[in-house]
Amino acid sequence: MFSIDIKEIFSVTLVLFSVIDILGSIPIIVSFRAKYGSIQSGKITIASGIIMISFLFVGHNILQLFGVDESSFAIAGSLLIFLFGIEMVLGIEIFKHHSDGKEDGVSNGIIPIAFPLIGGAGTITALLSLRAEYHIINIIIGIFINLLIVFITLKSTGFLEKKLGKQGINAMRKVFGIILISIAIKLFKNYMN
């Protein structure tokens, strides 16, 4: 249970980084900041962490409640991760990100940014799929590394937008999309044997 493995941590971190796609979300975060004036990076990061850790531990029980084993869920999750990768590489929208625009700014981004943008369906699916293959401790470390990246990115969205530009952000999205597709195929192959 407490087998720390750098390779596993790196894989988990990369999968979550690709699924969360915080760099690809910079335009959404920038527009939210423009609309409401500010975002609370710390609260958003903590809320995202609570969502991810909760589903990492409670998600298994939810699967048991519906009579679904982790292998089946991992295969289904790998297919979803594959589609997220396709979405990133091709620049198409398969999954719709809904925001009704009714937020009054009081939450300062917790609702639309922490959930569903960071801790949404893709992240939850990825976590439950990863749980079927990796040690819990390595997944938790991967989550915390990603939360640190999320926090730093939220704090520096204006700077990143100026430095990377729209084309730089799009290029990074495509690279991580290809990596995500490869990881999804690996997960799928592991559970089909």
Side-chain angles (χ1 to χ4, degrees), residues 5-29 48-49 51-60 62-64 66-99 112-136 138-147 149-150 153 166-193:
D5 182 332
I6 300 298
K7 187 177 175 186
E8 281 193 11
I9 292 169
F10 181 75
S11 295
V12 168
T13 301
L14 197 57
V15 168
L16 290 177
F17 182 77
S18 299
V19 172
I20 292 169
D21 188 25
I22 192 66
L23 296 178
S25 300
I26 289 174
I28 298 166
I29 297 165
S48 301
I51 291 166
M52 288 189 261
I53 297 290
S54 297
F55 274 92
L56 180 63
F57 288 102
V58 180
H60 176 73
I62 293 170
L63 289 180
Q64 284 184 330
F66 290 106
V68 177
D69 62 280
E70 285 187 15
S71 295
S72 299
F73 194 84
I75 291 170
S78 71
L79 294 174
L80 278 177
I81 292 169
F82 180 82
L83 291 174
F84 274 108
I86 292 292
E87 190 178 65
M88 291 166 71
V89 170
L90 299 180
I92 58 174
E93 187 177 22
I94 297 171
F95 301 99
K96 306 289 182 201
H97 301 288
H98 297 287
S99 178
I113 298 174
F115 185 84
L117 200 60
I118 297 169
T123 305
I124 292 165
T125 301
L127 283 170
L128 293 177
S129 298
L130 290 168
R131 183 183 169 131
E133 186 166 342
Y134 298 112
H135 290 93
I136 292 289
N138 298 322
I139 298 172
I140 291 171
I141 293 169
I143 289 172
F144 280 108
I145 291 170
N146 272 279
L147 289 173
I149 294 168
V150 164
T153 304
K166 190 173 182 178
Q167 288 183 341
I169 291 170
N170 285 337
M172 288 188 74
R173 251 188 102 131
K174 290 186 187 310
V175 168
F176 283 105
I178 291 168
I179 292 169
L180 203 56
I181 290 168
S182 303
I183 292 168
I185 290 169
K186 179 187 171 216
L187 279 170
F188 186 83
K189 280 170 37 180
N190 286 350
Y191 287 98
M192 286 305 288
N193 294 333

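Note that this is a predicted model, so its numbers are computed, not measured.
The shortest non-hydrogen separation linking Phe144 to Ile53 is CE1-CD1, 4.5 Å. Heavy atoms only, all atoms of each residue included: Ile139 and Val12 are closest at CA-CG1, 3.8 Å.
Formation of a donor-acceptor pair under 3.5 Å by the Asn138 side chain with backbone atoms of Ile9 is not found in this model.
Residue pairs meeting the salt bridge (Lys or Arg N to Asp or Glu O under 4.0 Å) criterion with at least one member in residues 115-130: none, sequence neighbours excluded.
Considering only heavy atoms from C-beta on, Leu147 comes within 4.5 Å of Met52 through its side chain. Counting heavy atoms from C-beta on, the side chains of Ile136 and Phe57 come closer than 4.5 Å.
With sequence neighbours excluded, the residues satisfying side chain to side chain contact (heavy atoms under 4.5 Å, CB included) with Ile185 are Phe82, Ile181, Lys189. By the side chain to side chain contact (heavy atoms under 4.5 Å, CB included) test, Thr153 is found to be paired with Ile22, Leu23, Ile26, Ile149, Leu160, residues two or more places apart in sequence or in another chain being considered. Residues satisfying the salt bridge (charged side-chain N to carboxylate O under 4.0 Å, His left out) criterion with Lys186, sequence neighbours excluded, are Glu133.
One finds the CG atom of Asn146 at 9.0 Å from the CG atom of Leu14 (value rounded to the nearest 0.5 Å). Note that OG1 of Thr13 is 9.5 Å distant from CD1 of Ile6, once rounded to the nearest 0.5 Å.
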Exercise answer: donor-acceptor pairs, residues 116-128 side-chain atoms, under 3.5 Å, sequence neighbours excluded:
from: Thr123; atom 1: OG1; to: Ile118; atom 2: O; distance (Å): 2.6
from: Thr125; atom 1: OG1; to: Ala121; atom 2: O; distance (Å): 2.8

